[in-house]
Amino acid sequence: AQHMLILCYYIFMKKQNDSINFITDFNLKRLGDPKDILFIDIETTGLSRDRAYIYLIGVAVFDGEKICLTQWLAEHPSDEEIILRKMCEFIKDYRTLIHFNGNAFDIPFIKARLEANSIEYDMDEHRGIDIYKRIYPYRNFLKMSSIKQTAIEDFLSVIRHDEYNGQELIKVYKEYVKSKDSTLLHLLMQHNHEDVVGMTRILPILNYGEIFDNDLHIKKVESNQYRDVNDIIRKELLITFDLPYSIPVPLAYNSGECYLSIKDCAGILKVPVYHEELKYYYDNYKDYYYLPEEDMAIHKSVAIYVDKDFRTQATAQTCYTRKESDFLPQWDYLFTPFFKREYKSANLFFELTEETKRNREFFSKYVKHILEMMVKSK
C-alpha cells in the first residue's frame, strides 16, 4: 500500500511550520509498530568521541499520516548537554530507533557523549535498525560503488537539495557559533533535515534484502533451447518466481552463466543445463578398486570377483563412477549426489531428474542458492 506522509519540523525550541507531501510504497509495519519507531541522525564536530562533540540532533516520528521532525541545535559547544537531555526525554517513549550506519557511528557516539556529560540513559533499551548494515551485504548485487545514504538516494531517484557533507559542515557550524548568521543556520539544519527525512524515503531499498530472507514462490519452470555465438545448441532452464515485496528499481545480474532479471515483484532466472558425462567421486577411496579398462571404481566387496590384473587400488583421483545426463550447476555442496568434471575441478553439478523438474519446493531452494552465489560474487 502507498502511504501519504506529511512532514513538519521544529528547530531547537523554536517552532517552524513546514510540510512536505511524499509517497512511499514501503509498509512501515514490517519494521514494527509505527507509533514505536523513531528515526535519528546526529551531526558532530569530528569523528573522535573524546575530542569532538554533538552539535545537532534530528529525530523523526510518525503521527498518523504525518512524519514530524524535531531538531535540537547547540547554539554553543556548552549546549551539548542540553540537546542530549532533550533527546533522551524525547526518545524514551520509542522502542525502535532507525538510523543509517548508526551501529558504527551515531549510537556509540551518543553513548560516549552521554557519559562525558554525566547523563544516565541506556541507549541499549532501544531496538536498533541500521539501514546501512542491512543493505551492505548486497552492494555488489545492486552494482553500487558506494552505499552512502546519498548514493542510495541517487539509486532510488530521491531528490536531495543539500549540497554539503558532514565534514564540510563542521566549518559552517563553527562560523555560525560566532556569527549566528541565519544563512549558515539554514545550511546546518537542511543537511540534518535531509539526512533524517531521507531515511524514511530510502526504506524501499530494504526490499532487496527481503529477496534472500523470505521463501520465493516459484510460478513456472520450463526448458529452453537456443544457439550460442558459436551456433551451438544450448539448453537452459527458465525459472519464473514471485517476490514477497516489490523492488523499487529493476535489477539485472549475470554471474556463473546464470542470468537474473527482476522487475517489481516478479523475477526470471535463466540457468544453463549441461548435457554431458560427469564423474561422481566416492569419499572412502581406500574401500574401492579402480578398473582402468572400464574407467570406473567399484567397491572391494564386488571387486574381489575381478581379476587382479584388471584392477588397482583406487586413489582419491580415480575413485569415481561416470554418468551421462542433464546437470545443473551449484556453488556449494547443497544438493547430493554432486558431480564434477575432474577431481580438482571447483565446479559442482547435480543431476536434473524428472522428479526434480516437478518439485517447486526444490526450485525455491535452488533459486535462493543461485541468488546467494550472485551476492557473494564480485
On a heavy-atom basis, which atom in [X] and which in [Y] lie closest, and how many Å separate them?
| X | Y | result |
| --- | --- | --- |
| H275 | E324 | NE2-OE2, 3.3 Å |
| C88 | L114 | SG-CD2, 3.7 Å |
| A60 | V196 | CB-CG1, 3.5 Å |
| R322 | D295 | NE-O, 2.9 Å |
| P248 | L156 | CG-CD2, 3.5 Å |
| R160 | E153 | NE-OE1, 2.7 Å |

For the [atom1] atom of [X] and the [atom2] atom of [Y], what is their distance to the nearest 0.5 Å?
| X | Y | atom1 | atom2 | value |
| --- | --- | --- | --- | --- |
| D326 | Y274 | CG | OH | 12.5 Å |
| E115 | E120 | CD | CD | 10.5 Å |
| E81 | S118 | CD | OG | 7.5 Å |

Would a 4.5 Å heavy-atom cut-off, applied to side chains only, mark [X] and [Y] as touching?
| X | Y | result |
| --- | --- | --- |
| L97 | D106 | no |
| L56 | Q71 | yes |
| C265 | D242 | no |
| Y281 | F338 | no |
| K174 | I170 | yes |
| L328 | T356 | no |
| I110 | M87 | yes |
| I370 | M374 | yes |

Query raised in the report: Do K340 and Y343 meet the cation-pi criteria used here (NZ or CZ under 6.0 Å from the six-membered ring centre, within 45° of the axis)?
Result: yes
Requested in this report: Measure from NZ or CZ of K365 to the centre of the six-membered ring of F363, then state whether that distance is under 6.0 Å and the direction lies within 45° of the axis.
Outcome: no
Query raised in the report: Judged by atom type as modelled, is there a donor-acceptor pair below 3.5 Å linking the side chain of N224 to the main-chain atoms of L237?
Result: no
Query raised in the report: With distance as the sole test, does Y173 use its side chain to make a donor-acceptor pair with the main-chain N or O of A74 at under 3.5 Å?
Result: yes
Got more than 12 heavy atoms from elsewhere within 6.0 Å of [atom1], [X]?
| X | atom1 | value |
| --- | --- | --- |
| I119 | CD1 | yes |
| Q167 | CD | no |
| Y285 | OH | no |
| I159 | CD1 | no |

Query - Worked check of side-chain contact (heavy atoms from CB on, under 4.5 Å) between Y164 and L188 - result: CA-CA 9 Å; Y164 289 81; L188 296 171; over 6 Å; no
When you check the gap from the basic side-chain N to the acidic O, do [X] and [Y] get nearer than 4.0 Å?
| X | Y | value |
| --- | --- | --- |
| E372 | K368 | no |
| R127 | D36 | no |
| E175 | K178 | no |

Query raised in the report: Taking the six-membered ring for Trp, are Y366 and F350 ring centroids under 6.0 Å apart?
Result: yes
Report task. Enumerate the residue pairs fulfilling side-chain hydrogen bond (donor to acceptor under 3.5 Å, both in side chains) with a member in residues 303-313, sequence neighbours excluded, ordered by first and then second residue. Result -> K300-Q313
Query raised in the report: F100 vs Y132 aromatic rings, parallel, tilted or perpendicular, using cut-offs 30° and 60°?
Result: perpendicular
